[in-house]
Peer 1: 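Would you mind keeping the following structure in view while I ask a few things?
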Amino acid sequence: MSSITLHTLMARKQAGEKFAVLTAYDACFANLISTAGVEVMLVGDSLGMVLQGNDSTLPVSVEEMAYHTAAVKAGNQGSMIMADLPFMSYGTPEQAMDSAAALMQAGANIVKLEGAAWLDETISLLAERGIPVCAHLGLTPQTVNVLGGYKVQGRDNSAAKQMIEDAVRLEKAGAGMLLLECVPALLAGEITRAVDIPVIGIGAGADTDAQVLVMHDMLGITPGRKPRFVKNFMAESEDIAGAVKAYADAVKQGNFPGPEHGFE
Ligand code: KIV
């Protein structure tokens, strides 16, 4: 059982205390990351890119997510474990129940899924049956082919208004957390204040309740161009444990992200 719960994180939000989230995919890193004081470990479907070498998250299966979730649970020292429901594993509420059950039984404490209005019924059903849900809005990588690339979302007035409405509605449906990816900083701050549930940001400015990064990005080992929202914490640390601790501390002290990591 994780010692960090949704209640813990809700209390942090109410007290104005930020918390740190980082991806983890195996037992060894899970041990290191949870020992460094990262409150939530995300078994992200980003593993399709950083572990498997695909150019998107689409090929990842529920079985692969369950395998990595179990590995992270084996190394966990008290963090909350969030696991991604992968592409096409939650097309209907019933399919979502089966997929989420597999991840919870593998060791997840909460599942994350991408999308807005069409997920109301699914989120209500999961929450009613004892499966906490984090809803992911903004840049949703599983729909990269519809979005036409990995682009900032919510820049025009109507898209921004829609995202605020979506966030409020998903909270009403039963979401216990929200994640905003690549959203203008001002809009992310507005959404964070509009809902009572904790909001995690990535490329969403400094005003969300928490921050998440992909571990390989913050260790500076992801090949290719580095997204604007990434900071390489290895550059100023002697070892990996030091870099993860520096990241967790920087998030909690409000020193990361800086304005240079966000979008207008
Ligand atoms: O899969 C993942 O790692 C994610 C983060 C980028 C938020 O969803």
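Predicted model only: the values in this text are computed from it and were never measured. Atoms within a ligand are numbered from 1 in the order they appear, just like the ligands themselves.
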Peer 1: With under 30° as parallel and over 60° as perpendicular, where do the rings of Tyr247 and Phe233 fit, or are they tilted in between?
Peer 2: perpendicular
Peer 1: Indicate if Val133 and Met104 have the same hydrophobic cluster label, given that clusters are the connected sets of ILVMFWY residues with side-chain heavy-atom separations under 4.5 angstrom.
Peer 2: yes
Peer 1: Using the rule given for salt bridge (Lys or Arg N to Asp or Glu O under 4.0 Å), can you reason through Glu165 versus Arg169, listing the C-alpha separation, both sets of side-chain angles and the distance that settles it, and then say yes or no?
Peer 2: CA-CA 6 Å; Glu165 283 173 18; Arg169 217 197 31 257; 5.8 Å; no
Peer 1: Quick test: of every protein heavy atom, which one is nearest to atom 2 (C) of ligand 1, and how far off is it to 0.1 Å?
Peer 2: Ser46 OG, 3.3 Å
Peer 1: Write out the residue and atom name of the closest protein heavy atom to atom 5 (C) of ligand 1, then the distance separating them to 0.1 Å.
Peer 2: Leu42 CD2, 3.8 Å
Peer 1: Any nitrogen or oxygen of Asp84, side chain or backbone, less than 3.5 Å from one on ligand 1?
Peer 2: yes
Peer 1: Does any pair with a residue in residues 21-40 pass salt bridge (Lys or Arg N to Asp or Glu O under 4.0 Å), and if so which ones, sequence neighbours excluded?
Peer 2: Arg12-Glu39, Glu39-Lys252
Peer 1: Counting only heavy atoms, which portion of Asp45 has something under 4.0 Å from ligand 1: side chain, backbone, both, or neither?
Peer 2: both
Peer 1: Check Asp45, Thr57, Asp84 against Gln142 for a side-chain hydrogen bond (donor to acceptor under 3.5 Å, both in side chains) and give me the one that passes.
Peer 2: Asp45
Peer 1: With heavy-atom distances below 4.0 Å as the criterion, list the atoms of ligand 1 near Thr23.
Peer 2: 3 (O)
Peer 1: Calculate, to the nearest 0.5 Å, the distance between atoms CG and CG belonging to Leu113 and Leu170 respectively.
Peer 2: 9.0 Å
Peer 1: May I ask you to list the atoms of ligand 1 that are less than 4.0 angstrom from any heavy atom of Gly44?
Peer 2: 1 (O), 2 (C), 3 (O)
Peer 1: In the protein, which heavy atom is nearest to atom 8 (O) of ligand 1, and how far is it?
Peer 2: Lys112 NZ, 2.8 Å
Peer 1: Within the 4.0 Å heavy-atom shell around His136, which atoms of ligand 1 are there?
Peer 2: 8 (O)
